[in-house]
Trainee: 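Below are the structure tokens for one structure; questions will follow.
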Amino acid sequence: MNAWILIVVVLALSSLLYYVAKRRSLTIARSVGGIHRLHSAPRYYGIVAALLFAVPALVVLGLWISIDEGIIFRLVLAEYFPELDRESQVDIDWLTSQILIFAQTGRLGNVENAELLQLAAARYQHLTSLSQTLRNASVLALGSIAGFVFVLAISEKLRARPIAEGIIRGLMVFSSLIAIFTTVGIVLSVLFEAINFFQIVPVADFLFGLEWSPQIAIREDQVGSSGLFGSIPLFVGTILIAGVAMAVAVPVGLLSAIYLAEYASARIRSFAKPTLEILAGVPTVVYGFFAALVVAPYFADIGARIGLNIAHESALAAGVVMGIMIIPFVSSLTDDVMTAVPQSIREASLACGATHSETVKRVVFPAALPGIIGALLLAVSRAIGETMIVLMAAGLAARLTANPLESVTTVTVQIVTLLVGDQEFDNPKTLAAFALGLTLFVATLLLNVTALYIVRKYSEQYE
Amino acid sequence: MPQTPVSFWDTPKFKRGLAKRRAAEWRFKLYGLIAMLIGLASVALLFVSITLNGVGAFWQTQIKLDIFFDPAEFSEENLQAANYGKLVKNTLYSHFPEVTKRKEKRQLSRIVSVGADIMVQKMVMAEPSLIGTTKSIWLPVDDVFDMLHKIDFGRDSSKGGSGLVSENQLKWFDSLVANGLIDSRFNRTYFTAGDSREPELAGLLGALMGSFYTILVTLLISFPVGAAAACYLEEFAPRNRFTDFIEININNLAAVPSVVFGLLGLAVFINFFGLPRSVPLVGGLVLSLMTLPTIIIAGRAALHAVPPSIREGALALGASKTQTVIQEVVPLAMPGMLTGTIIGIARALGETAPLLMIGMVAFIVDIPSGPLDPSTALPVQIFLWVDSPERAFVEKTSGAILILLAFLITMNIVAVWLRQKFERRW
Amino acid sequence: MKTGLGVSDTLQEADNKEHIRTRIDKTLLADNQANVQNSAAQIRMTAKDVNVHYADNHAIKDVSLSIYANEVLSIIGPSGCGKSTFLRCLNRINDIIDDCKIRGEIKLDGKDIYSADMDVVELRARVGMVFQKPNPFPKSVYDNVAYGPRLHSMVSNREETDEVVYSCLRQVGLLAEVEKRIHKSGTELSGGQQQRLCIARALAVKPDVILMDEPCSALDPIATAKIEDLIDELRTQYSIVIVTHSMQQAARVSQRTAYFNLGDLVEMGDTGQIFTNPQHQLTEDYITGRFG
């Protein structure tokens with residue numbers, strides 16, 4: 001029985017139990033003189049029984065599935081390959097994949113210790129089926145015990161509704177905690193590997209080093225055998241591209257928001273606002289395509305025509321397209337904070353003889369400024385965390401330059417390129433991605449917290 | 001205050017200043033208009049360039065070959081082993097009796113896609129009675145000739161296509177076109193095949209199914225969890241530091257870059273829990289963690305919009321707090337919650353970076369049949385194809401983008417419809 | 001005043017109104033009447049057959065009236081009678097409302113304010129306005145007052161700005177109270193101080209006419225008294241049109257009173273005459289508190 005069937009069985013049994021418990025409560029009710037004698041409505045007895053069956057069963061199943069394969073492999077490897085170096089993740093990965101392939105297809109790769117591998121595979125299959133049997137048995141047993149004990153315990157005095165509500169509320173609390181688990185998970189996973197990385201590469205070298213070349217030569221005696229992990233070029237590249245993006249998004253987003261909010265007729269607004277917001281719903285991979293195949297060649301072409309050498313993967317192209325992506329973000333947040341400025345202040349300014357633009361520039365805009373700054377910080381945070389556009393349209397080579405016509409690379413690009421493909425968690429190359437991820441997380445967190453604080457404080461001002 | 005004989009408003013100084021201010025007003029309005037037009041032009045440019053590039057993907061240049069299934073080529077017991085390539089090639093050669101040299105023949109045969117023999121094979125396997133008969137079959141041409149036919153790419157060196165097509169091939173292909181044997185037909189492969197290195201054989205079904213399973217997992221996890229969390233935080237949670245902390249947490253998670261969620265998925269689900277790489281299950285788990293904040297925030301807003309009088313009414317009738325929320329409040333808030341969920345799911349559908357990091361970026365030909373089969377996803381497929389050097393993949397990529405956008409637009413229209421249909425003003 | 005106590009309460013209310021009327025009779029009116037005679041000569045603004053439509057609502061119907069120099073004209077009437085709408089036509093601040101249509105003729109010193117060669121900026125500079133709710137800009141007290149003069153380049157250096165700002169603040173009696181925090185935000189002042197700041201802001205542009213839209217409705221009695229005194233002082237230099245829902249206030253500060261009902265100008269005349277001897281039944285009913 002595989003896991004999916006087991007889930008279906010669990011759900012079927014728990015709905016069965018719902019009816020059993022409900023019927024039983026009705027029978028009991030009849031024997032004591034009517035439904036009104038029951039503490040709770042009959043369906044609550046059913047709900048509790050069903051929940052008592054399904055919740056523990058599914059929790060156990062989830063835990064089992066997530067850890068059993070790892071344990072089985074550890075057992076198998078310890079038994080047949082005791083000499084295997086625990087530290088060497090590559091070897092372990094390779095062996096496990098070979099065992100898996102053999103167990104599933106019966107085909108052997110080009111290996112030296114074929115016999116041992118076959119034995120291990122057989123052992124693996126045996127343990128897997130054993131684990132499945134045990135799993136199914138324990139899942140069903142646990143659910144049944146909880147469910148049936150409850151059914152037997154049903155009496156007219158049993159307070160089923162509070163129990164049911166308690167369970168439901170417990171599930172709700174658990175759901176809300178997932179947000180915290182996620183944050184903790186992010187912090188721990190990133191921090192853990194980053195600490196491992198910093199044991200190999202000193203923090204100062206990482207933060208202040210001027211050269212980034214994480215590719216480690218295969219032979220020890222080659223130049224750069226240890227890799228260079230100075231992340232300044234990545235930071236500069238990230239800031240450069242985000243800077244270009246903001247240079248596009250801020251004027252266009254702010255001015256179009258002002259135009260739409262203050263000048264445009266209702267008809268233009270009802271067309272232009274949703275149209276601009278379409279840009280916010282376009283997936284970033286589409287912008288990446290647009291940048292790499294439409295904008296970058298076009299810029300390179302124009303550059304060639306006017307005698308400028310614009311790289312095909314220039315920071316300019318990636319930045320401009322990223323700016324287009326951020327336009328609706330800036331404009332809709334600006335629109336929000338500007339409309340929050342009370343109409344009475346606009347009228348006061350107009351009544352002093354100010355023109356419309358003077359009112360916007362001298363009164364509305366300054367009044368909305370804190371909110372706009374908050375919005376722009378969020379936009380910056382989005383720009384430095386954006387991955388796909390830069391991955392597809394910016395370069396890979398870490399170059400320390402402030403010239404947007406050249407190709408640069410960013411933190412996010414490096415995280416992805418370091419992790420796509422084989423990962424070795426004992427290799428600084430893989431771990432470096434987590435150190436970069438930590439930097440990125442901290443930077444965006446600071447920006448977000450500041451921005452949310454400013455926006456919240458500002459929005460209280462006119463309440 | 002001194003009483004000026006001539007009012008300030010009649011002085012030339014004021015009149016001059018006024019003219020300047022009027023000009024500034026006009027300029028400011030113009031800047032705003034230009035900014036808005038730039039924004040709108042970007043939308044237009046984005047959609048027009050992708051549509052122009054992409055519509056071609058739904059058509060494929062094909063060649064009509066009247067293949068004679070010579071019984072001598074087939075052995076009864078092993079239909080699979082017959083030389084189908086030879087059948088195709090010989091039919092093609094028959095149109096050009098003047099081509100005799102081996103090298104030229106090889107050049108000629110390149111006009112037909114390398115996948116043609118497998119297509120013919122499948123056709124015969126499905127219908128063995130074809131043997132001994134002659135049938136007209138439309139087979140795809142190689143992507144180079146597809147591009148040549150569709151956009152004249154590669155005909156002369158000025159268009160950057162030198163070396164792709166030889167003089168002879170050009171001559172033969174033009175004569176095939178002249179004879180009406182070449183035509184642009186609906187590209188079924190595009191919707192029924194998995195990925196391929198050959199653009200004319202590449203399809204989206206694998207990616208679509210991968211996306212389907214990923215989004216299914218995302219939906220199954222994030223909607224119930226998000227709705228429950230929204231209910232708890234909005235209806236039950238006491239106002240204290242801890243719930244404030246959860247709230248700040250959720251707001252921040254909504255703004256964490258997606259690539260960081262990829263790191264989380266890699267370190268926790270794959271490395272720590274040992275779940276397999278490249279599978280939609282893990283992709284769905286990561287995307288549901290990413291989508292949760294959106295759903296929770298939207299769900300809370302929807303619950304908040306239900307007026308307190310509904311709750312008070314139910315409580316006054318003796319319902320418990322939980323009963324009130326589940327039976328009275330949640331159904332009223334459901335359209336709003338669903339709208340938020342659809343918008344969150346639409347965003348997840350277009351998300352790429354975290355999927356790259358959990359390995360859903362491999363070259364996978366097979367079509368996944370469940371959430372535990374290695375697969376890719378629609379946006380990842382787009383990313384993979386952009387990197388391919390063949391010119392024909394530009395068209396395939398744009399086509400895939402069109403399909404992705406069509407899904408997103410549909411989802412958003414549904415969300416807007418839902419909101420308008422069930423929106424109530426209290 | 002407490003409500004909901006039934007007949008006796010209503011009676012008491014009517015009694016109060018009666019009381020007010022007698023008080024008005026005896027003290028204020030004689031004084032005001034004298035002033036009207038002196039200043040009636042010079043007409044500052046005239047409205048002729050003014051009609052205002054909001055979408056399909058006919059808010060002002062054929063209103064014609066004149067505003068004299070150095071007088072306070074009060075406009076009274078039940079809520080929704082169009083008194084604020086009419087006021088807002090006098091400096092075209094209604095222009096910013098999309099579906100507001102105005103017909104008729106309004107002249108400022110003989111010039112039609114809705115004609116093409118009247119610049120709305122100049123108009124609004126010459127016809128200042130004070131709003132119902134104090135609405136200082138979220139800027140310093142100083143910058144609030146200096147806003148208008150700076151806009152119109154009425155001042156060209158710091159000394160001139162200082163002079164205007166300090167004299168306007170002094171005029172509204174605010175200088176002593178805010179001198180120490182003149183560079184702090186204007187929104188931190190008390191309600192009454194904010195409203196006087198708004199008046200100072202309007203004065204700084206040196207307008208000919210000042211429109212006041214229920215300037216005291218958001219203020220406590222002490223602040224109200226201060227503003228009323230101020231209005232009386234300002235009359236020596238400006239024409240003032242004040243919309244008010246308080247008949248006592250109209251009686252206290254104005255020389256002439258216009259009574260609006262459902263968009264019609266029902267009656268207009270010397271304040272004393274309106275309050276003591278209304279010609280129209282509607283006016284009488286309103287003043288005696290039968291409705292409104």
Side-chain angles (χ1 to χ4, degrees), chain A residues 66-67 69-70 165 168-169 171-173 175-176 178-180 182-183 185-186 189-190 193 251-252 255-256 258-260 263 272 275-276 278-279 281 283-286 289-290 292-294 324 327 355-357 378 381 385 387-388 392 412 415-416 419-420 434 437 440-441 444-445 448-449 452, chain B residues 21 24-25 28-29 31-33 35-36 38-40 42-43 46 49-50 225 228-229 231-233 236 246 249-253 255-260 263-264 266-268 271 273-275 289 292-293 296 320 322 346 350-353 356-357 361 379 382-383 386 394 397 401 404 408 412:
Chain A
S66 54
I67 58 172
E69 192 155 277
E165 291 181 356
I168 289 170
R169 203 175 289 202
L171 290 175
M172 283 180 172
V173 173
S175 300
S176 335
I178 285 185
I180 292 190
T182 309
T183 308
I186 288 176
S189 58
V190 174
E193 308 294 355
V252 176
L255 286 172
S256 57
I258 290 173
Y259 183 79
L260 285 174
Y263 289 103
T275 310
L276 279 182
I278 288 178
L279 287 175
T284 54
V285 71
V286 177
F289 169 86
F290 185 60
L293 273 82
V294 180
I324 292 175
I327 287 173
T355 63
H356 202 148
S357 65
L378 283 178
S381 151
T387 311
M388 293 317 294
M392 292 160 83
T412 49
I415 293 177
V416 175
L419 289 180
V420 167
F434 287 88
L440 181 65
F441 180 71
T444 51
L445 187 72
N448 296 340
V449 171
L452 290 174
Chain B
R21 287 163 65 190
E25 167 80 18
F28 187 71
K29 197 171 162 180
Y31 296 150
L33 184 66
M36 186 191 74
I38 289 177
L40 293 180
S42 310
V43 181
L46 186 69
S49 69
I50 287 169
V225 172
C231 267
Y232 179 74
L233 292 174
F236 298 102
I246 296 184
N249 215 316
I250 289 171
N251 285 334
N252 277 320
L253 272 184
V256 168
S258 59
V259 72
V260 174
L263 287 174
L264 169 79
L266 182 62
V268 173
N271 223 16
F273 284 118
L275 290 173
L289 291 186
L292 262 181
I296 296 178
S320 73
T322 315
E351 197 54 66
T352 323
L356 298 184
M357 308 181 61
V361 67
I382 292 167
F383 167 68
V386 168
V394 173
T397 315
I401 289 176
L404 178 61
L408 295 181
N412 279 295

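This is a predicted model, so every value here is computed, not measured. Lettering follows sequence order; numbering is per chain, from 1.
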Trainee: Using side-chain contact (heavy atoms from CB on, under 4.5 Å), reason through A/T183 and B/N252 one step at a time and then give a plain yes or no.
Mentor: CA-CA 9 Å; A/T183 308; B/N252 277 320; over 6 Å; no
Trainee: Which atom pair, heavy atoms only, marks the closest approach of B/V259 to A/G385?
Mentor: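 Smallest heavy-atom distance, with atoms named: CG1-O, 4.4 Å.
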Trainee: Using every non-hydrogen atom in the two residues, find where A/F434 and B/A267 come nearest and quote the distance to one decimal.
Mentor: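 For A/F434 versus B/A267, the nearest heavy atoms are CE2-CB, 3.9 Å.
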Trainee: Using the side chain to side chain contact (heavy atoms under 4.5 Å, CB included) definition, which of the options B/L408, B/I401, B/I382, B/T352 pairs with A/P283?
Mentor: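 Result: among B/L408, B/I401, B/I382, B/T352, B/L408 is the only option passing the side chain to side chain contact (heavy atoms under 4.5 Å, CB included) with A/P283.
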Trainee: Measuring from B/R21:CZ to A/T355:OG1, what's the distance to the nearest 0.5 Å?
Mentor: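 Rounded to the nearest 0.5 Å, the CZ-OG1 separation comes to 6.0 Å.
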Trainee: Which bit of B/F383 comes within less than 4.5 Å of chain A, counting heavy atoms only: side chain, backbone, both or neither?
Mentor: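 Both parts, backbone and side chain.
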Trainee: How long is the straight-line distance from CD1 of B/I38 back to CD1 of A/I327, given to the nearest 0.5 Å?
Mentor: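 Those atoms lie 7.5 Å apart.
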Trainee: What option among B/S42, B/A229, B/G350 has the most heavy-atom pairs under 4.5 Å with chain A?
Mentor: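 Ranked by heavy-atom pairs under 4.5 Å with chain A, first place is B/A229.
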Trainee: Of all the heavy-atom pairs spanning A/M172 and B/C231, show the shortest one and how long it is.
Mentor: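 In this case the closest contact between A/M172 and B/C231 is CE-CB, 3.7 Å.
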Trainee: Tell me, side chain or backbone of B/L46 under 4.5 Å from chain A's heavy atoms, or both, or neither?
Mentor: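 Contact with chain A: backbone and side chain both.
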Trainee: For A/T182, give me all partners under side chain to side chain contact (heavy atoms under 4.5 Å, CB included), at least two apart in sequence or on another chain.
Mentor: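 A/T182 satisfies side chain to side chain contact (heavy atoms under 4.5 Å, CB included) with A/I178, A/I186, B/L253, B/F261, B/L264, B/L289 once adjacent residues are dropped.
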Trainee: Pick one of side chain, backbone, both or neither for A/I324, based on which atoms fall under 4.5 Å of a heavy atom in chain B.
Mentor: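 Contact with chain B: side chain only.
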Trainee: Output the distance between atom OG1 (B/T397) and atom CG (A/L293), rounded to the nearest 0.5 Å.
Mentor: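 It comes to 7.0 Å.
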Trainee: Using a 4.5 angstrom heavy-atom cutoff, name the option from A/L279, A/L276, A/I168, A/I180 with the most pairs to chain B.
Mentor: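 With the most close heavy-atom pairs to chain B, the winner is A/I180.
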Trainee: Considering only heavy atoms from C-beta outward, does the side chain of B/L263 approach that of A/S189 to under 4.5 Å?
Mentor: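 No, every pair of side-chain atoms sits at 4.5 Å or beyond.
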Trainee: A/L260 vs B/M36, test: side-chain contact (heavy atoms from CB on, under 4.5 Å). Steps then yes/no.
Mentor: CA-CA 8 Å; A/L260 285 174; B/M36 186 191 74; 3.5 Å; yes
Trainee: How far does CG of B/L356 sit from CD1 of A/I415, to the nearest 0.5 angstrom?
Mentor: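 These two atoms lie 12.0 Å from each other.
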Trainee: By a 4.5 Å heavy-atom criterion (distance strictly below it), what part of B/L33 contacts chain A: side chain, backbone, both, or neither?
Mentor: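 For B/L33, the contact with chain A is made by backbone and side chain together.
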Trainee: Could you tell me if the side chain of A/L171 sits less than 4.5 Å from the side chain of B/Y232, heavy atoms only?
Mentor: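 A side-chain contact under 4.5 Å is absent here.
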Trainee: Verify side-chain contact (heavy atoms from CB on, under 4.5 Å) between A/E165 and B/S320, making sure each step is shown before the conclusion.
Mentor: CA-CA 9 Å; A/E165 291 181 356; B/S320 73; 2.4 Å; yes
Trainee: Who passes side chain to side chain contact (heavy atoms under 4.5 Å, CB included) against B/S49, sequence neighbours left out?
Mentor: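 For B/S49 the side chain to side chain contact (heavy atoms under 4.5 Å, CB included) partners, ignoring immediate neighbours, are A/F290, A/V294.
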Trainee: Under a 4.5 Å heavy-atom cut-off, does chain B meet the side chain of A/T387, its backbone, both or neither?
Mentor: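 For A/T387, the side chain is the part near chain B, not the backbone.
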Trainee: Looking at chain B, which one of A/A292, A/S357, A/G437 has the largest number of heavy-atom pairs inside 4.5 Å, strictly under?
Mentor: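 Most pairs with chain B among the choices: A/S357.
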Trainee: Minimum heavy-atom separation for A/S381 to B/A255, with atom names?
Mentor: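 Looking at all heavy atoms of both residues, the shortest contact is OG-O, 4.1 Å.
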Trainee: When you compare the side chain of B/T322 with that of A/R169, does any pair of heavy atoms fall below 4.5 Å?
Mentor: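 Yes - at least one pair of side-chain heavy atoms lies under 4.5 Å apart.
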Trainee: Side chain, backbone, both or neither: which part of B/Y31 has an atom under 4.5 Å from a heavy atom of chain A?
Mentor: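 Backbone plus side chain of B/Y31, per the 4.5 Å heavy-atom cut-off to chain A.
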Trainee: Select, from B/P293, B/G39, B/G32, the one with the greatest count of heavy-atom pairs under 4.5 Å involving chain A.
Mentor: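 Highest number of pairs under 4.5 Å: B/G32.
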Trainee: Supply the atom-to-atom distance B/I250 CD1 to A/S176 OG, rounded to the nearest 0.5 angstrom.
Mentor: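 If we round to the nearest 0.5 Å, B/I250:CD1 and A/S176:OG are 7.0 Å apart.
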Trainee: Quick one: closest heavy-atom pair of B/V225 and A/S175, and the distance?
Mentor: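 So the two residues come closest at O-CB, 3.4 Å.
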